[in-house]
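To keep things clear, I will list the structure first and then write my remarks on it.
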2 protein chains.
Amino acid sequence: MERTLDRVLELVVLLNDDMERDLVRRGLTGSRAHLVWELHHSGPSTQQALAEALSVTPRAITGLVDALVESGFVTREPHPDDRRATLVTFTRQGAQAGKALERDHVELARSLFADMPETTFRGFQRGLDAVVARFRSQRSTMR
Amino acid sequence: MERTLDRVLELVVLLNDDMERDLVRRGLTGSRAHLVWELHHSGPSTQQALAEALSVTPRAITGLVDALVESGFVTREPHPDDRRATLVTFTRQGAQAGKALERDHVELARSLFADMPETTFRGFQRGLDAVVARFRSQRSTMR
DNA sequence: TATTGTTATACTCTATAACTATA
DNA sequence: TATAGTTATAGAGTATAACAATA
């Protein structure tokens, strides 16, 4: 079982490195890409909403948005109903980056699983679901 | 396939959070724990060797070792044959932490897989090996 | 009063570059 | 010359706390 855990941890490293390469190519860091990814799926969002989505303090979002504004991925637009809030919004470049990340994601899934024998893939899926389910239940027990 | 990749990425997050909790309990950060883990498996090491093992610059090792010295996990001992080098060496507290990490690791493997049906576990192993093998070959192609 | 986002401050991890002591 | 490790400097990401503007 330990060997299997080590193999999982090896996969984590390989995945992180691979995804990081894609991001750098797109002019993003991991944290900024996470924000772009969130914006891509949720549309224009308040920084508060982003803070919750990324599980990070509002202060950290300020920094990430500052960086993404400067590099031309997003703008801060006034919130129509709440003058305290801003809506972080894609520029054209940002929207393109969001779509590119989506494509990279699909491509990664394909490159990992596409030519894997059907039964192997099924077995992997089943075990994976079991592990995640077990983890989730442990976690909800802890709180 | 995308759903499966998402599930893998969910597992990555769950694993990171879980391991992070263990480390904090032991008074370590992720990077420092990585160094402790390496020392636990390799014994007293030069900072150069640690830099290569952690895939990080020597400068980063200086910082990590400084922090671990200050918190009482390691000491810098003179290298017997090379007066330029230092041997980063466990204190008693550090050695205990190394063993504790080892126990946490075994415990994690158990909690993940112990009561998983044998066939599910086998299927998971097989798929996992296939994914990692595919990743490794891709990577070696790239260099 | 509560919420949104900011400034102020600090810590961790990392990198590059210049330098010292040794090999 | 080359190597081991340091100082100097910088940048990214994160956190807490105090604060301004608005709800």
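From a predicted model like this one, the values you see are computed outputs, not experimental measurements. Letters go in sequence order (proteins before strands), and every chain restarts at 1.
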Is the shortest side-chain N/O distance from [X] to OP1 or OP2 of [N] below 4.0 Å?
{"X": "B:Q47", "N": "D:dT3", "answer": "no"}
{"X": "B:T62", "N": "D:dT6", "answer": "yes"}
{"X": "B:S31", "N": "C:dT12", "answer": "no"}
{"X": "B:T57", "N": "C:dA15", "answer": "yes"}

Please report, rounded to the nearest Å, how far the [atom2] atom of [N] is from the [atom1] atom of [X].
{"X": "B:I61", "N": "C:dT12", "atom1": "CD1", "atom2": "P", "answer": "16 Å"}
{"X": "B:R59", "N": "C:dT14", "atom1": "CZ", "atom2": "P", "answer": "11 Å"}
{"X": "B:E70", "N": "C:dC11", "atom1": "CD", "atom2": "P", "answer": "11 Å"}
{"X": "B:L50", "N": "C:dC13", "atom1": "CG", "atom2": "P", "answer": "15 Å"}
{"X": "B:E20", "N": "D:dA15", "atom1": "CD", "atom2": "P", "answer": "11 Å"}
{"X": "B:Q48", "N": "C:dA23", "atom1": "CD", "atom2": "C1'", "answer": "14 Å"}
{"X": "A:D17", "N": "C:dT14", "atom1": "CG", "atom2": "P", "answer": "13 Å"}
{"X": "A:E52", "N": "C:dT3", "atom1": "CD", "atom2": "P", "answer": "11 Å"}

Do B:T75 and B:E77 get their side chains close enough for a donor-acceptor pair, meaning under 3.5 Å?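 On atom types as modelled, these side chains qualify, holding a pair under 3.5 Å.
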
Can you tell me if A:Q125 and B:T4 form a side-chain donor-acceptor pair at under 3.5 Å?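 A pair is found: one side chain offers a donor N or O, the other an acceptor, under 3.5 Å apart.
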
Treating A:T91 as the side-chain partner and A:G72 as the backbone partner, does any N or O pair qualify as donor plus acceptor under 3.5 Å?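 Indeed, once roles are kept as given, a pair shorter than 3.5 Å links the two residues.
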
Applying salt bridge (Lys or Arg N to Asp or Glu O under 4.0 Å) to A:E10 and A:R7, what does each step give before you reach the verdict? CA-CA 5 Å; A:E10 182 182 353; A:R7 196 50 68 91; 3.8 Å; yes

Measuring from atom CE of A:M116 to atom CE of B:M1, what distance do you get when rounded to the nearest 0.5 angstrom? 11.0 Å

Specify the residue among B:G63 and A:R32 whose closest nucleotide of DNA chain D lies further upstream toward the 5′ end. B:G63

Among residues two or more places apart or on two chains, list those pairs meeting side-chain hydrogen bond (donor to acceptor under 3.5 Å, both in side chains) that have a residue in residues 27-38 of chain B.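 Counting only pairs at least two positions apart or across chains, the side-chain hydrogen bond (donor to acceptor under 3.5 Å, both in side chains) contacts touching residues 27-38 of chain B are B:E38-B:S42.
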
Do any side-chain atoms of residues 104-111 of chain A form donor-acceptor pairs under 3.5 angstrom with protein atoms, and if so which ones, sequence neighbours left out?
residue : atom : partner : partner atom : Å
A:D104  : OD1  : A:R26   : NH2          : 3.0
A:D104  : OD2  : A:R26   : NE           : 3.1
A:D104  : OD2  : A:R26   : NH2          : 3.3
A:H105  : ND1  : B:E2    : OE1          : 3.2
A:H105  : NE2  : B:D6    : OD1          : 3.0
A:S111  : OG   : A:L108  : O            : 3.0

Look at all strands and tell whether B:L64 reaches a base, only sugar-phosphate, or nothing, counting heavy atoms closer than 4.0 Å. sugar-phosphate

For DNA chain D, find the residues of residues 74-87 of chain B with a heavy-atom distance under 4.0 Å and give them by number; none if there aren't any.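 Only B:R76, B:R84, B:A85, B:T86 qualify.
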
